[in-house]
Each structure stands twice: as C-alpha cells, then as structure tokens.
Amino acid sequence: MPEKLTRSTNTTTNHLPNNAYSTPAAVDYRTIGLSPQYWTHTPLLIGDVVGLPLINGVDCFICSSCASSRDDEQRPPNIILPLSKVILQGIITAIDRRPNGCILLVLDDGTGSIDVRYWDNDDSNNGWHHDLEGPQQRQKKPLSIGDYCEVLGKIKTMTAGTKYSCNCLGNDVRFGCIREIHASSVCTMNRNHSTNTNGEILHWVKCLNFTRDVQDNKVKSGQQMLPLLGDSITQSIMNSESVECFESESSSNNFIERKCCQTPQLFRKAMLYCHCEATLETLDPSFTYRDALLQHLLDMEAELRHLSQCSHDTTLSSTEDCIDLIGGEVNGSNHVAPPLLFTFKSIYKDEQLASIAREVVADTLVPEVNARQLIQNTFRAMVNDGLLSLFDPSADLYLLLSIGRVMEPYFSYSLSKAYSVAPPFFIRHVPRKRINRIKNWVSED
C-alpha cells in the first residue's frame, strides 16, 4: 500500500477543533507533566484527536467550562488540557505490513480516520493480537480489514499544520495538523459476541463522560495541581518567569540547587538528572534501589583506571575516552578520563545491591521474585531515561552516561567542529530537555 494512502486518511467528518472561542490559560511546559491525565490513556473519538490544536508544540484538548454568562466579556475561559495518550476504537479500513516489523493500520470510527503504527514483538506471526472475548477465550488472531479493534497509544504529530494568529490561545497555535498513533496495544473486538455488543456504545459514552468531567473541572490540569504540592515545591518549579529563562545559561546551576524532589545533589552534579524525570517503579516508589545502583556505578567510575592498568578479567572495562566512542580523532590535549563500561551480570550478582532490593520489597507477597523483578525493571528504566546505554549486546556491556566522562566531552567535541557530527548511539534515549541542559552547561564553561 503506498505511503500516500495513509496520509490522505487523516481526516474528519464535518468536525471543527474543540470549540475554541474563549480565552484559555497559556500552556506552560513546567506544569504539563503535573496533570495525571497527561500520562493517562484518554478515551477520545478519532475526530477529536485529528482536530486537536497544537499549542506551543503540545497537543491540547479544549472545551468550554460549564459555567455560563450572558455577557460575553464575563464568559469563563475555555479549559486547556494537554494530552499525550489516547484510547481509540474503530474499524480497520487498510493494513500495510512493513519489512521492518511495523504494521500500519488506518482506523475509522465514523467521526474521522487516522493512521496507527504498531510494532509487534511476536516474531512468529506479526499482526496477531488478543481477541477480547473474555479471560477464558483469549486467542491470537491476525488483523484483517473490517475488524473492529481498540487501540491504546501515543499521539504523534507529523506536520505542524497552519499557524493562526490567536491571542486568546497563545503565540503559537496551529490547526490542521496531521497526526498518527504509535500504538502500544491493538486488540480486536468480536462485535458478534454477546458480551461485546455494547462495546462501541460504551466507548462513545466514555468519550462523552470525559468531556463532561473536563467541563465540571473534575479533571485537573498541571496548573491546578500546583497547590497540592506545597509552597516550597511550587516555588521551586515556578521560580522562572518563562521557559526561556528556565533553560537559560544559568539553568544548570538552578537545576542543581532547586528542591523539586529528594534527589541527592551528587546525582544532579554527576548526571544533571533528578527523580522528576525518572520512570516510576511501583515496587520502589521512593527510588531507594535506583539511588543505590547509581551511587554504586559512580563509585565504580571513580575507581576506574585506564584499560592498560586493569585486568581484562575484571567487570570494569573502558575505551580510551568518550571521543573514541563516536569515532572522532583523539587529541592529547583533549584527553579525558575513560567512561565506565560494565555488565548487567555484575550488577545482578552484586550481593550488596541485591540485599537493598530485598529490603525494598520485603513487605510484598513474594519478596524474592519481586527483588529480581525490581533489579530488571530499574535497569531497564535507567536505559530508557538516558542514564545508561547498551554498548555491546554480544558482551552485555553497558555505558554509564555521566556528564564528566561522556556527555560533556561529546558535546564539547561536536560544538567545536565546523561541520555537523553524527549523533552517537548513546544519545538516542537521552531526553531533549537534558540535552539542552548539558549544551548550556558546556557553553557556559
């Protein structure tokens, strides 16, 4: 199926963007993530997803408040709610299985259609998913055109659309954006089964109830969550007058000194990272094991010597320096201490870290199993958070992305070149906000 087939299906049926006629509050990057709804899969109609306005680069759901006034000047402002994840239901109208394992679907629910991309981890037969017929009747079933399915995924904006001059919505408001959904789950629903005859109606009711909850202020935005955090945390988050000031040249020092969470200052200095940016772990909500693991890795890095001074049988390994990782020319004057390379096995077998993991999950029903699960989950989360990176899959070697050994030398090297340096492998999972923070740090030095 040609690529243009799916691009042309991102349309709505006589649908206008979310009734934006009043004066909403501006979208503030510092408070977007404070809203629980931003991280929740929100039930929406496809027409609503396609019609979402893009405000300051963020997909936002807008609806009017239930409060009313006869005087237009006293009309209450619209409610702006940034969203990132959605639940959609509809009929598959097109399927394209790509060679890279990606399955491209076109989903239509009557209000509009949208592209859905899904990567199936099942190597036996890509495109098979659970049929929602009950716990005892779940089975693998290939997707086909005409199937009614439920999709859980993340909104991805492909084109920025047309910019409008609208003072009531902010300085950067765009409509007509082309979007697609990067699905984490695609489940077919047997509409002929007696237990699923009302599934489509139930989804529409959930969409209507969500809109009503937003109008009734039952769904809180990030700005509304600020008073619940206390004065000290609120002041720490809002201590900047704007986003530009928040990421200014002095933002690195502000980041180290701010008290948004209980992250030790050692980690802030060594990694320019705090727990506010960490993936949550239900087995360790206070990040006790993560802190112990990160402290252990920093201690290993501090004790690291040059490879020629270390035995090849130890768990510590290194390259010459960070520039060697990206294939750059090593200059004697620019030589820095080598980065830390270590194996997952060395962490998994460390008895001190294992005892900390057991203490964290001691009150659970199966502490031994949960301790092993905690180690694996924390390690995987640190990779996804850009603190670790897989260096050599065959040797199970991982790289610690510390500031002094990896990140700062790389950005100093790349910024000093007149030509563009290709992004290295370890930069893939590093959050863009942290990259900007490190660049500011390097420019300041």
Side-chain angles (χ1 to χ4, degrees), residues 252 255-257 261-279 281 283-325 335-362 371-392 395-410 426 429-430 434 437-438 441:
S252 298
F255 173 80
I256 293 175
E257 298 297 333
C261 59
Q262 300 300 319
T263 307
Q265 197 173 58
L266 172 64
F267 299 160
R268 295 178 183 268
K269 292 181 178 179
M271 310 295 293
L272 282 184
Y273 145 88
C274 75
H275 291 333
C276 298
E277 304 168 356
T279 302
E281 172 55 52
L283 293 174
D284 185 19
S286 60
F287 299 110
T288 302
Y289 177 77
R290 176 186 279 235
D291 286 350
L293 174 56
L294 193 54
Q295 180 67 60
H296 179 73
L297 294 176
L298 291 175
D299 291 342
M300 291 171 63
E301 184 185 66
E303 296 173 2
L304 182 64
R305 296 295 182 266
H306 196 273
L307 185 60
S308 61
Q309 301 175 359
C310 298
S311 170
H312 290 278
D313 297 330
T314 62
T315 57
L316 296 178
S317 303
S318 70
T319 60
E320 292 294 333
D321 60 20
C322 174
I323 307 304
D324 190 36
L325 294 174
H335 187 75
V336 296
L340 173 66
L341 295 175
F342 63 97
T343 63
F344 172 74
K345 184 178 180 180
S346 66
I347 300 299
Y348 191 80
K349 296 295 184 180
D350 188 277
E351 185 56 35
Q352 183 178 2
L353 291 176
S355 63
I356 295 175
R358 288 192 294 267
E359 290 178 3
V360 171
V361 298
R372 294 193 295 268
Q373 190 67 40
L374 173 60
I375 296 174
Q376 296 174 0
N377 291 350
T378 302
F379 202 87
R380 185 185 303 111
M382 292 178 68
V383 172
N384 293 332
D385 292 342
L387 301 180
L388 308 175
S389 180
L390 181 61
F391 177 75
D392 186 354
D396 189 34
L397 276 178
Y398 287 83
L399 172 69
L400 177 64
L401 302 182
S402 63
I403 298 300
R405 303 288 183 99
V406 177
M407 304 301 290
E408 184 178 2
Y410 160 68
F426 55 79
H429 290 298
V430 180
R434 186 168 174 239
R437 192 182 301 139
I438 297 171
W441 179 282

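Basis for what follows: all heavy atoms, side chains included, without hydrogens, waters or symmetry-related copies. Nothing here was measured: the structure is a model prediction, and the numbers come from that model.
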Give me the atom names and distance for the closest heavy-atom approach of [X] to [Y].
X      : Y      : value
Leu374 : Asp284 : CD1-CB, 3.6 Å
Ala381 : Thr279 : CB-CB, 3.9 Å
Gly404 : Pro409 : O-CG, 3.4 Å
Ala371 : Val361 : N-CG2, 3.6 Å
Asp291 : Pro264 : OD2-CD, 4.3 Å

Starting at [atom1] of [X], measure out to [atom2] of [Y] and round the result to the nearest 0.5 Å.
X      : Y      : atom1 : atom2 : value
Leu340 : Leu397 : CG    : CG    : 10.0 Å
Ser286 : Glu281 : OG    : CD    : 11.0 Å
Thr263 : His275 : OG1   : NE2   : 4.0 Å
Tyr398 : Thr343 : OH    : OG1   : 10.0 Å
Asp299 : Leu294 : CG    : CG    : 10.0 Å
Met382 : Leu400 : CE    : CG    : 7.5 Å

**Asked** Given Tyr289 and Glu359, is the side chain to side chain contact (heavy atoms under 4.5 Å, CB included) satisfied, shown in steps?
**Response** CA-CA 9 Å; Tyr289 177 77; Glu359 290 178 3; over 6 Å; no

Compare all side-chain heavy atoms of [X] with those of [Y] and state whether any distance is below 4.5 angstrom.
X      : Y      : result
Val430 : Met407 : yes
Glu301 : Arg405 : yes
Leu293 : Leu353 : yes
Leu401 : Leu388 : no

**Prompt:** Has the side chain of Ser389 got a donor or acceptor atom that lies under 3.5 Å from a matching backbone atom of Leu399?
**Reply:**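 Between the backbone of Leu399 and the side chain of Ser389 there is no qualifying donor-acceptor contact (under 3.5 Å).
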
**Prompt:** Hey, is the main chain of Phe344 close enough, under 3.5 Å, to the side chain of Asp396 for a donor-acceptor pair?
**Reply:**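 Side chain of Asp396 to backbone of Phe344: a pair is present.
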
**Message:** Here's a test for you: under salt bridge (Lys or Arg N to Asp or Glu O under 4.0 Å), which of Arg268, Arg434, Arg437 qualifies with Glu277?
**Reply:**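 In the set Arg268, Arg434, Arg437, the residue that makes a salt bridge (Lys or Arg N to Asp or Glu O under 4.0 Å) with Glu277 is Arg437.
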
**Request:** Decide yes or no on side chain to side chain contact (heavy atoms under 4.5 Å, CB included) for Leu297 and Met271, but give the supporting numbers first.
**Result:** CA-CA 12 Å; Leu297 294 176; Met271 310 295 293; over 6 Å; no

**Request:** Give the C-alpha distance, both sets of side-chain angles, the deciding distance and a yes or no for side chain to side chain contact (heavy atoms under 4.5 Å, CB included) between Ile438 and Tyr410.
**Result:** CA-CA 10 Å; Ile438 297 171; Tyr410 160 68; over 6 Å; no

**Asked** Can Arg358 and Glu351 be counted as an ion pair, charged N to O under 4.0 angstrom?
**Response**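 Salt bridge present between Arg358 and Glu351.
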
**Request:** Would you please name every residue forming a side-chain hydrogen bond (donor to acceptor under 3.5 Å, both in side chains) with His429, sequence neighbours left out?
**Result:**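 Result, side-chain hydrogen bond (donor to acceptor under 3.5 Å, both in side chains) vs His429: none returned.
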
**Request:** Determine, step by step, whether Gln295 and Leu266 satisfy the side chain to side chain contact (heavy atoms under 4.5 Å, CB included) criterion, reporting the C-alpha distance in whole Å, the side-chain angles of both residues, the deciding distance to 0.1 Å, and the verdict.
**Result:** CA-CA 9 Å; Gln295 180 67 60; Leu266 172 64; 3.2 Å; yes

